[in-house]
Number of protein chains: 2
Amino acid sequence: MQGNLRRSQSERREQTQRALVSAARALFAEKGFAGTSTPEIVTAAGVTRGALYHHFADKLALFEAVVEEEHLLVSMSINAAESDEEPGPIKALLAGCDAFLNAMQDSGRRQIMLIDAPAVLGRAKVDEIDARHGMETLVCGLRDAMDAGALRKVPVEALAQLFGAMFDRAALAAPEDVADYRKSIKALIRGLKA
Amino acid sequence: MQGNLRRSQSERREQTQRALVSAARALFAEKGFAGTSTPEIVTAAGVTRGALYHHFADKLALFEAVVEEEHLLVSMSINAAESDEEPGPIKALLAGCDAFLNAMQDSGRRQIMLIDAPAVLGRAKVDEIDARHGMETLVCGLRDAMDAGALRKVPVEALAQLFGAMFDRAALAAPEDVADYRKSIKALIRGLKA
DNA sequence: CCATATTATGTACATACCGTATGTATTTTA
DNA sequence: TAAAATACATACGGTATGTACATAATATGG
(Lines give C-alpha, C1' and ligand atoms only; values in the text may rest on other atoms or scores of the structure.)
Protein backbone atom coordinates (compact mmCIF):
# COMPACT_ATOMS: atom_id res chain seq x y z
CA MET A 1 0.00 0.00 0.00
CA GLN A 2 2.92 2.29 -0.58
CA GLY A 3 3.71 1.88 -4.25
CA ASN A 4 1.19 4.24 -5.85
CA LEU A 5 1.65 7.16 -3.48
CA ARG A 6 5.38 7.34 -3.30
CA ARG A 7 6.33 10.97 -2.81
CA SER A 8 9.69 12.60 -2.41
CA GLN A 9 10.52 14.16 0.92
CA SER A 10 10.20 17.69 -0.38
CA GLU A 11 6.82 16.80 -1.82
CA ARG A 12 5.62 15.31 1.45
CA ARG A 13 7.03 18.30 3.25
CA GLU A 14 5.35 20.84 1.08
CA GLN A 15 2.04 19.04 0.97
CA THR A 16 1.61 18.68 4.71
CA GLN A 17 2.91 22.16 5.38
CA ARG A 18 0.47 23.56 2.87
CA ALA A 19 -2.35 21.52 4.35
CA LEU A 20 -1.49 22.77 7.82
CA VAL A 21 -1.13 26.43 6.88
CA SER A 22 -4.30 26.30 4.81
CA ALA A 23 -6.37 24.65 7.52
CA ALA A 24 -4.91 26.95 10.15
CA ARG A 25 -5.63 30.04 8.09
CA ALA A 26 -9.27 29.01 7.72
CA LEU A 27 -9.73 28.33 11.43
CA PHE A 28 -7.78 31.35 12.65
CA ALA A 29 -9.84 33.45 10.27
CA GLU A 30 -13.09 32.11 11.62
CA LYS A 31 -12.40 31.74 15.32
CA GLY A 32 -9.29 33.72 16.03
CA PHE A 33 -5.95 32.48 17.31
CA ALA A 34 -6.96 31.85 20.90
CA GLY A 35 -10.20 30.22 19.87
CA THR A 36 -8.51 27.69 17.66
CA SER A 37 -6.86 24.57 19.06
CA THR A 38 -4.11 22.55 17.48
CA PRO A 39 -6.24 19.40 17.54
CA GLU A 40 -8.83 21.22 15.45
CA ILE A 41 -6.19 22.35 13.00
CA VAL A 42 -4.60 18.98 12.45
CA THR A 43 -7.98 17.31 12.08
CA ALA A 44 -8.96 19.82 9.43
CA ALA A 45 -5.61 19.35 7.74
CA GLY A 46 -5.88 15.57 7.84
CA VAL A 47 -2.67 15.03 9.75
CA THR A 48 -1.71 14.57 13.39
CA ARG A 49 -0.22 16.88 15.96
CA GLY A 50 3.04 15.04 15.52
CA ALA A 51 3.28 16.38 11.99
CA LEU A 52 2.46 19.89 13.13
CA TYR A 53 5.17 19.94 15.76
CA HIS A 54 7.62 18.42 13.34
CA HIS A 55 7.22 21.26 10.88
CA PHE A 56 6.54 24.14 13.23
CA ALA A 57 8.14 24.97 16.53
CA ASP A 58 4.77 25.67 18.13
CA LYS A 59 1.31 27.02 17.50
CA LEU A 60 2.76 30.50 17.33
CA ALA A 61 5.16 29.62 14.53
CA LEU A 62 2.28 28.21 12.52
CA PHE A 63 0.33 31.39 13.04
CA GLU A 64 3.31 33.40 11.92
CA ALA A 65 3.46 31.39 8.71
CA VAL A 66 -0.20 32.15 8.12
CA VAL A 67 0.33 35.86 8.72
CA GLU A 68 3.31 35.93 6.42
CA GLU A 69 1.34 34.37 3.60
CA GLU A 70 -1.56 36.73 4.16
CA HIS A 71 0.72 39.75 3.95
CA LEU A 72 2.10 38.41 0.73
CA LEU A 73 -1.35 38.03 -0.77
CA VAL A 74 -2.30 41.54 0.25
CA SER A 75 0.79 43.17 -1.15
CA MET A 76 0.39 41.21 -4.38
CA SER A 77 -3.19 42.34 -4.64
CA ILE A 78 -2.13 45.95 -4.15
CA ASN A 79 0.74 45.79 -6.58
CA ALA A 80 -1.52 44.25 -9.18
CA ALA A 81 -3.98 47.12 -8.83
CA GLU A 82 -1.59 50.05 -8.81
CA SER A 83 0.66 49.29 -11.73
CA ASP A 84 -1.45 50.91 -14.41
CA GLU A 85 -0.77 54.61 -14.91
CA GLU A 86 0.38 57.44 -12.63
CA PRO A 87 -1.68 60.59 -12.82
CA GLY A 88 0.25 62.13 -9.98
CA PRO A 89 1.57 61.00 -6.60
CA ILE A 90 -1.50 62.01 -4.64
CA LYS A 91 -3.84 60.10 -6.90
CA ALA A 92 -1.49 57.18 -6.55
CA LEU A 93 -1.72 57.37 -2.78
CA LEU A 94 -5.49 57.37 -2.86
CA ALA A 95 -5.44 54.49 -5.30
CA GLY A 96 -3.13 52.55 -2.99
CA CYS A 97 -5.47 53.19 -0.11
CA ASP A 98 -8.43 51.90 -2.09
CA ALA A 99 -6.49 48.86 -3.20
CA PHE A 100 -5.64 48.10 0.41
CA LEU A 101 -9.22 48.50 1.56
CA ASN A 102 -10.32 46.23 -1.24
CA ALA A 103 -7.82 43.58 -0.28
CA MET A 104 -9.07 43.83 3.28
CA GLN A 105 -12.66 42.99 2.42
CA ASP A 106 -12.20 39.48 3.78
CA SER A 107 -13.19 39.44 7.45
CA GLY A 108 -10.93 36.50 8.23
CA ARG A 109 -8.03 38.45 6.83
CA ARG A 110 -8.89 41.35 9.09
CA GLN A 111 -9.08 39.02 12.08
CA ILE A 112 -5.69 37.52 11.34
CA MET A 113 -3.73 40.57 10.24
CA LEU A 114 -5.28 43.41 12.17
CA ILE A 115 -6.76 41.88 15.30
CA ASP A 116 -4.73 38.85 16.29
CA ALA A 117 -1.31 39.42 14.80
CA PRO A 118 -0.29 42.38 16.95
CA ALA A 119 -1.33 40.63 20.16
CA VAL A 120 0.01 37.19 19.27
CA LEU A 121 3.25 38.10 17.54
CA GLY A 122 3.86 41.43 19.19
CA ARG A 123 3.92 44.75 17.47
CA ALA A 124 7.66 44.60 16.82
CA LYS A 125 7.28 41.41 14.80
CA VAL A 126 4.30 42.82 12.92
CA ASP A 127 6.25 45.97 12.08
CA GLU A 128 9.12 43.85 10.83
CA ILE A 129 6.79 41.78 8.69
CA ASP A 130 5.00 44.57 6.95
CA ALA A 131 8.20 46.55 6.65
CA ARG A 132 9.11 43.69 4.34
CA HIS A 133 5.89 44.03 2.37
CA GLY A 134 3.57 46.97 1.82
CA MET A 135 5.27 49.53 4.01
CA GLU A 136 8.21 49.93 1.73
CA THR A 137 6.15 50.98 -1.25
CA LEU A 138 4.13 53.36 0.89
CA VAL A 139 7.26 55.05 2.19
CA CYS A 140 8.67 55.31 -1.33
CA GLY A 141 5.43 56.75 -2.63
CA LEU A 142 5.42 59.39 0.07
CA ARG A 143 9.09 60.21 -0.39
CA ASP A 144 8.66 60.59 -4.12
CA ALA A 145 5.68 62.84 -3.63
CA MET A 146 7.70 65.01 -1.26
CA ASP A 147 10.75 65.15 -3.52
CA ALA A 148 8.50 66.07 -6.42
CA GLY A 149 7.21 68.93 -4.33
CA ALA A 150 3.68 67.57 -4.26
CA LEU A 151 3.68 66.95 -0.53
CA ARG A 152 4.89 68.99 2.36
CA LYS A 153 8.16 67.72 3.88
CA VAL A 154 7.43 65.60 6.89
CA PRO A 155 9.28 62.67 8.51
CA VAL A 156 8.38 59.95 6.00
CA GLU A 157 8.73 56.86 8.16
CA ALA A 158 6.46 58.26 10.83
CA LEU A 159 3.99 59.55 8.29
CA ALA A 160 3.87 56.17 6.59
CA GLN A 161 3.17 54.49 9.93
CA LEU A 162 0.38 56.95 10.60
CA PHE A 163 -1.17 56.29 7.23
CA GLY A 164 -0.80 52.59 7.82
CA ALA A 165 -2.63 52.95 11.10
CA MET A 166 -5.41 54.92 9.44
CA PHE A 167 -5.78 52.39 6.65
CA ASP A 168 -5.97 49.58 9.19
CA ARG A 169 -8.68 51.37 11.10
CA ALA A 170 -10.60 52.16 7.96
CA ALA A 171 -10.41 48.51 6.99
CA LEU A 172 -12.02 47.61 10.32
CA ALA A 173 -14.85 50.08 9.95
CA ALA A 174 -18.41 48.97 9.35
CA PRO A 175 -19.11 48.66 5.62
CA GLU A 176 -21.59 51.52 5.65
CA ASP A 177 -18.97 53.86 7.13
CA VAL A 178 -16.18 53.11 4.71
CA ALA A 179 -17.18 55.96 2.42
CA ASP A 180 -16.83 58.43 5.29
CA TYR A 181 -13.43 57.06 6.18
CA ARG A 182 -12.30 57.35 2.63
CA LYS A 183 -13.51 60.95 2.44
CA SER A 184 -11.65 61.85 5.61
CA ILE A 185 -8.46 60.20 4.46
CA LYS A 186 -8.73 62.05 1.19
CA ALA A 187 -9.10 65.33 3.03
CA LEU A 188 -6.09 64.53 5.18
CA ILE A 189 -3.96 63.76 2.15
CA ARG A 190 -5.15 66.80 0.28
CA GLY A 191 -4.29 68.89 3.30
CA LEU A 192 -0.72 67.72 3.05
CA LYS A 193 -0.26 69.29 -0.35
CA ALA A 194 2.72 71.59 -0.50
CA MET B 1 -10.02 35.26 65.10
CA GLN B 2 -12.91 37.02 63.47
CA GLY B 3 -13.76 39.83 65.83
CA ASN B 4 -11.24 42.46 64.87
CA LEU B 5 -11.60 42.08 61.14
CA ARG B 6 -15.31 42.04 60.83
CA ARG B 7 -16.22 43.61 57.52
CA SER B 8 -19.54 44.23 55.89
CA GLN B 9 -20.36 42.31 52.74
CA SER B 10 -19.93 45.35 50.53
CA GLU B 11 -16.54 45.96 52.15
CA ARG B 12 -15.43 42.40 51.57
CA ARG B 13 -16.75 42.62 48.07
CA GLU B 14 -14.94 45.79 47.22
CA GLN B 15 -11.70 44.79 48.87
CA THR B 16 -11.32 41.47 47.10
CA GLN B 17 -12.48 42.90 43.81
CA ARG B 18 -9.96 45.69 44.12
CA ALA B 19 -7.23 43.23 45.07
CA LEU B 20 -8.07 41.07 42.08
CA VAL B 21 -8.26 43.90 39.56
CA SER B 22 -5.09 45.45 40.90
CA ALA B 23 -3.10 42.22 40.81
CA ALA B 24 -4.50 41.36 37.41
CA ARG B 25 -3.64 44.77 36.01
CA ALA B 26 -0.03 44.38 37.16
CA LEU B 27 0.36 40.92 35.67
CA PHE B 28 -1.49 41.64 32.44
CA ALA B 29 0.69 44.73 32.06
CA GLU B 30 3.87 42.77 32.52
CA LYS B 31 3.13 39.50 30.75
CA GLY B 32 0.10 40.11 28.61
CA PHE B 33 -3.31 38.47 28.83
CA ALA B 34 -2.38 35.10 27.38
CA GLY B 35 0.82 34.95 29.40
CA THR B 36 -0.95 35.43 32.70
CA SER B 37 -2.74 32.59 34.48
CA THR B 38 -5.55 32.87 36.97
CA PRO B 39 -3.53 30.97 39.62
CA GLU B 40 -0.86 33.65 39.33
CA ILE B 41 -3.43 36.38 39.67
CA VAL B 42 -5.15 35.03 42.74
CA THR B 43 -1.84 34.30 44.43
CA ALA B 44 -0.74 37.88 43.86
CA ALA B 45 -4.09 39.11 45.08
CA GLY B 46 -4.00 36.92 48.17
CA VAL B 47 -7.25 35.13 47.45
CA THR B 48 -8.26 31.88 45.80
CA ARG B 49 -9.66 31.08 42.42
CA GLY B 50 -12.99 30.51 44.05
CA ALA B 51 -13.17 34.19 44.92
CA LEU B 52 -12.20 35.18 41.41
CA TYR B 53 -14.91 33.11 39.81
CA HIS B 54 -17.43 34.34 42.33
CA HIS B 55 -16.87 37.97 41.40
CA PHE B 56 -16.08 37.59 37.70
CA ALA B 57 -17.66 35.34 35.15
CA ASP B 58 -14.30 34.33 33.75
CA LYS B 59 -10.77 35.48 33.08
CA LEU B 60 -12.09 37.62 30.25
CA ALA B 61 -14.49 39.54 32.47
CA LEU B 62 -11.65 40.30 34.84
CA PHE B 63 -9.58 41.60 31.95
CA GLU B 64 -12.48 43.74 30.84
CA ALA B 65 -12.66 45.30 34.29
CA VAL B 66 -8.97 46.08 34.09
CA VAL B 67 -9.36 47.67 30.67
CA GLU B 68 -12.32 49.70 31.83
CA GLU B 69 -10.36 51.11 34.76
CA GLU B 70 -7.39 51.86 32.56
CA HIS B 71 -9.54 53.80 30.13
CA LEU B 72 -10.94 55.77 33.00
CA LEU B 73 -7.48 56.68 34.25
CA VAL B 74 -6.40 57.79 30.81
CA SER B 75 -9.42 59.96 30.16
CA MET B 76 -9.05 61.50 33.60
CA SER B 77 -5.43 62.24 32.91
CA ILE B 78 -6.33 63.89 29.62
CA ASN B 79 -9.18 65.91 31.05
CA ALA B 80 -6.93 67.12 33.85
CA ALA B 81 -4.37 68.36 31.35
CA GLU B 82 -6.65 70.07 28.85
CA SER B 83 -8.90 72.15 31.03
CA ASP B 84 -6.65 75.20 31.28
CA GLU B 85 -7.16 77.68 28.48
CA GLU B 86 -8.18 77.46 24.86
CA PRO B 87 -6.00 79.31 22.39
CA GLY B 88 -7.94 77.89 19.49
CA PRO B 89 -9.39 74.53 18.51
CA ILE B 90 -6.33 73.35 16.61
CA LYS B 91 -4.00 74.05 19.51
CA ALA B 92 -6.48 72.22 21.69
CA LEU B 93 -6.33 69.21 19.41
CA LEU B 94 -2.56 69.13 19.53
CA ALA B 95 -2.67 69.50 23.28
CA GLY B 96 -5.08 66.63 23.54
CA CYS B 97 -2.78 64.50 21.44
CA ASP B 98 0.15 65.31 23.68
CA ALA B 99 -1.88 64.59 26.78
CA PHE B 100 -2.81 61.21 25.37
CA LEU B 101 0.76 60.37 24.45
CA ASN B 102 1.82 61.36 27.93
CA ALA B 103 -0.80 59.18 29.53
CA MET B 104 0.40 56.32 27.35
CA GLN B 105 3.96 56.45 28.60
CA ASP B 106 3.37 53.38 30.75
CA SER B 107 4.29 50.30 28.75
CA GLY B 108 1.92 48.08 30.68
CA ARG B 109 -0.89 50.42 29.79
CA ARG B 110 0.04 50.13 26.14
CA GLN B 111 0.11 46.35 26.41
CA ILE B 112 -3.33 46.24 27.98
CA MET B 113 -5.16 48.92 26.03
CA LEU B 114 -3.52 48.86 22.63
CA ILE B 115 -2.13 45.36 22.18
CA ASP B 116 -4.30 42.92 24.09
CA ALA B 117 -7.68 44.58 24.37
CA PRO B 118 -8.60 44.49 20.67
CA ALA B 119 -7.67 40.83 20.36
CA VAL B 120 -9.12 39.67 23.67
CA LEU B 121 -12.31 41.71 23.81
CA GLY B 122 -12.80 42.22 20.11
CA ARG B 123 -12.75 45.52 18.32
CA ALA B 124 -16.48 46.09 18.73
CA LYS B 125 -16.18 45.96 22.52
CA VAL B 126 -13.14 48.22 22.47
CA ASP B 127 -14.96 50.72 20.30
CA GLU B 128 -17.88 50.67 22.67
CA ILE B 129 -15.58 51.21 25.65
CA ASP B 130 -13.68 54.18 24.36
CA ALA B 131 -16.80 55.62 22.81
CA ARG B 132 -17.78 55.95 26.46
CA HIS B 133 -14.52 57.68 27.36
CA GLY B 134 -12.08 59.70 25.29
CA MET B 135 -13.73 59.38 21.90
CA GLU B 136 -16.61 61.62 22.80
CA THR B 137 -14.45 64.60 23.67
CA LEU B 138 -12.38 64.09 20.55
CA VAL B 139 -15.48 64.09 18.36
CA CYS B 140 -16.81 67.20 20.09
CA GLY B 141 -13.48 68.96 19.71
CA LEU B 142 -13.43 68.22 16.01
CA ARG B 143 -17.04 69.20 15.52
CA ASP B 144 -16.55 72.49 17.33
CA ALA B 145 -13.48 73.23 15.26
CA MET B 146 -15.46 72.59 12.10
CA ASP B 147 -18.44 74.62 13.18
CA ALA B 148 -16.12 77.46 14.12
CA GLY B 149 -14.76 77.32 10.60
CA ALA B 150 -11.30 76.35 11.75
CA LEU B 151 -11.39 72.92 10.16
CA ARG B 152 -12.57 71.73 6.81
CA LYS B 153 -15.91 69.91 6.93
CA VAL B 154 -15.33 66.18 7.00
CA PRO B 155 -17.32 63.28 8.46
CA VAL B 156 -16.46 63.77 12.12
CA GLU B 157 -16.98 60.26 13.44
CA ALA B 158 -14.71 58.77 10.85
CA LEU B 159 -12.14 61.50 11.26
CA ALA B 160 -12.11 60.99 15.01
CA GLN B 161 -11.54 57.26 14.53
CA LEU B 162 -8.68 57.99 12.18
CA PHE B 163 -7.09 60.34 14.66
CA GLY B 164 -7.59 57.80 17.37
CA ALA B 165 -5.83 55.22 15.26
CA MET B 166 -2.95 57.60 14.65
CA PHE B 167 -2.62 58.46 18.29
CA ASP B 168 -2.57 54.79 19.20
CA ARG B 169 0.17 54.11 16.69
CA ALA B 170 2.17 57.08 17.85
CA ALA B 171 1.87 55.84 21.41
CA LEU B 172 3.37 52.53 20.33
CA ALA B 173 6.30 54.12 18.54
CA ALA B 174 9.82 53.86 19.86
CA PRO B 175 10.57 56.74 22.21
CA GLU B 176 13.17 58.23 19.88
CA ASP B 177 10.60 58.41 17.07
CA VAL B 178 7.83 60.09 19.00
CA ALA B 179 8.98 63.54 17.97
CA ASP B 180 8.67 62.58 14.30
CA TYR B 181 5.21 61.20 14.85
CA ARG B 182 4.15 64.35 16.60
CA LYS B 183 5.50 66.46 13.76
CA SER B 184 3.61 64.42 11.20
CA ILE B 185 0.39 64.57 13.14
CA LYS B 186 0.79 68.31 13.47
CA ALA B 187 1.24 68.62 9.73
CA LEU B 188 -1.84 66.51 9.11
CA ILE B 189 -3.94 68.65 11.41
CA ARG B 190 -2.59 71.87 9.96
CA GLY B 191 -3.44 70.58 6.55
CA LEU B 192 -7.04 70.26 7.58
CA LYS B 193 -7.37 73.97 8.22
CA ALA B 194 -10.23 75.50 6.33
C1' DC C 1 -30.65 36.62 70.33
C1' DC C 2 -31.17 32.86 67.42
C1' DA C 3 -32.35 30.43 63.08
C1' DT C 4 -32.25 30.91 58.47
C1' DA C 5 -31.13 32.94 54.11
C1' DT C 6 -27.72 35.07 51.46
C1' DT C 7 -23.39 36.13 50.13
C1' DA C 8 -18.40 35.29 50.05
C1' DT C 9 -14.71 32.17 49.88
C1' DG C 10 -12.25 27.71 49.66
C1' DT C 11 -11.55 22.88 47.72
C1' DA C 12 -11.93 19.21 44.48
C1' DC C 13 -12.77 17.79 40.02
C1' DA C 14 -13.47 17.18 34.93
C1' DT C 15 -11.95 18.58 30.69
C1' DA C 16 -8.89 20.46 27.36
C1' DC C 17 -4.76 22.01 25.46
C1' DC C 18 0.14 22.58 24.77
C1' DG C 19 4.68 20.90 24.08
C1' DT C 20 7.77 16.92 24.45
C1' DA C 21 9.43 12.37 24.37
C1' DT C 22 9.42 8.36 22.21
C1' DG C 23 8.30 5.05 18.73
C1' DT C 24 7.36 3.84 13.76
C1' DA C 25 7.30 4.39 8.78
C1' DT C 26 9.16 6.29 4.63
C1' DT C 27 12.69 8.14 1.81
C1' DT C 28 17.43 9.15 0.82
C1' DT C 29 22.28 8.00 0.75
C1' DA C 30 26.35 5.39 0.58
C1' DT D 1 20.87 -3.23 0.37
C1' DA D 2 22.20 -1.38 5.00
C1' DA D 3 22.31 2.71 7.43
C1' DA D 4 21.11 7.45 8.10
C1' DA D 5 17.97 11.04 7.83
C1' DT D 6 13.58 12.71 7.52
C1' DA D 7 8.50 12.64 8.12
C1' DC D 8 4.87 11.27 10.78
C1' DA D 9 2.09 9.01 14.73
C1' DT D 10 1.17 7.96 19.63
C1' DA D 11 1.61 8.53 24.53
C1' DC D 12 2.49 11.29 28.38
C1' DG D 13 3.24 15.16 31.85
C1' DG D 14 2.18 19.47 33.26
C1' DT D 15 -0.85 23.21 33.57
C1' DA D 16 -4.86 26.03 32.76
C1' DT D 17 -9.74 26.90 32.73
C1' DG D 18 -14.36 26.71 34.39
C1' DT D 19 -17.65 24.25 37.41
C1' DA D 20 -19.63 21.73 41.26
C1' DC D 21 -19.71 21.31 45.75
C1' DA D 22 -18.54 22.45 50.60
C1' DT D 23 -17.58 25.75 54.21
C1' DA D 24 -17.41 30.26 56.47
C1' DA D 25 -18.96 34.75 57.22
C1' DT D 26 -22.49 38.27 57.11
C1' DA D 27 -27.32 39.79 56.84
C1' DT D 28 -32.28 39.27 57.99
C1' DG D 29 -36.56 38.37 60.33
C1' DG D 30 -39.00 36.61 64.06
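Reminder, nothing fancy here: chain letters follow the sequence lines and each chain counts from 1. Side chains included, hydrogens not; waters and symmetry mates left out as well; all remaining heavy atoms used.
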>> Heavy atoms from C-beta onward define the side chain here; which of D:dA9, C:dT9, C:dT26 lies closest to that of A:R12?
In response: C:dT26
> If you check the B:K59 side chain, which of D:dG18, C:dT26, C:dT9 turns out closest?
Replying inline: D:dG18
> Can you tell me how far P of C:dC17 sits from CG of A:L27, to the nearest Å?
Replying inline: 12 Å
>> Looking at B:E40, I want to see if its CD is surrounded by more than 12 non-hydrogen atoms of other residues, nucleotides or ligands under 6.0 Å.
In response: yes
>> What is the separation between atom CD on A:E14 and atom C1' on D:dA7, rounded to the nearest whole Å?
In response: 15 Å
> Of the candidate nucleotides C:dT9, D:dA7, D:dT10, which contains the atom at the shortest distance from the side chain of B:T48?
Replying inline: C:dT9
> Tell me: CD of B:Q15 to C1' of C:dA8, nearest whole Å?
Replying inline: 13 Å
> Which listed nucleotide (D:dG18, C:dA8, C:dC18) is nearest to the side chain of B:Y53?
Replying inline: D:dG18
>> Pick the closest DNA chain D nucleotide for A:Q9 and for B:L60 by heavy atoms, then say which residue is nearer the 5' end.
In response: A:Q9
> In whole angstrom, what separates B:F56's CZ from D:dT17's C1'?
Replying inline: 17 Å
>> With a 4.0 Å limit, can you tell me whether B:T16 has a side-chain N or O closer than that to the phosphate oxygens OP1/OP2 of C:dT9?
In response: yes
> Between B:A51 and A:S10, who's closer to the 5' end of DNA chain C by nearest nucleotide?
Replying inline: B:A51
> For D:dT26, does either OP1 or OP2 sit under 4.0 Å from a side-chain N or O belonging to B:S8?
Replying inline: no
>> Measuring only between side-chain heavy atoms, which start at C-beta, is B:F33 closer than 4.5 Å to B:L121?
In response: no
> Which is it for A:E136 and A:R132 under the salt bridge (Lys or Arg N to Asp or Glu O under 4.0 Å) test, yes or no, and what are the steps along the way?
Replying inline: CA-CA 7 Å; A:E136 196 186 5; A:R132 237 178 317 111; over 6 Å; no
> Given that A:A57 and A:E40 both sit by DNA chain C, which one's nearest nucleotide is further toward the 5' end?
Replying inline: A:E40
> B:E11 has an atom CD; how far is it from atom P of D:dA25, in whole Å?
Replying inline: 16 Å
> Rounded to whole angstroms, how far apart are CG on B:L52 and P on D:dT17?
Replying inline: 9 Å
> For A:K125 and A:D130, what are the C-alpha separation, side-chain angles and deciding distance, and is it a salt bridge (Lys or Arg N to Asp or Glu O under 4.0 Å)?
Replying inline: CA-CA 9 Å; A:K125 189 77 194 174; A:D130 62 28; over 6 Å; no
> How long is the line joining CZ of B:F63 and C1' of D:dT17, in whole Å?
Replying inline: 17 Å
> Is there a donor-acceptor pair under 3.5 Å between the side chain of A:S22 and the backbone N or O of A:A19?
Replying inline: no
> Picking from D:dT19, C:dG10, C:dC18, which would you name as closest to the side chain of B:R49?
Replying inline: D:dT19
> Is the backbone of A:L27 close enough, under 3.5 Å, to the side chain of A:T36 for a donor and an acceptor to pair up by distance?
Replying inline: yes
> Would you say a side-chain N or O of B:S37 is under 4.0 Å from OP1 or OP2 of D:dA16?
Replying inline: yes
> Is the shortest side-chain N/O distance from A:H55 to OP1 or OP2 of D:dT6 below 4.0 Å?
Replying inline: no
> Could you state the CG-C1' distance from B:L62 to D:dG18, rounded to the nearest angstrom?
Replying inline: 14 Å
>> At less than 4.0 Å, is any side-chain N or O atom of B:H54 found next to OP1 or OP2 of C:dT9? Yes or no.
In response: no
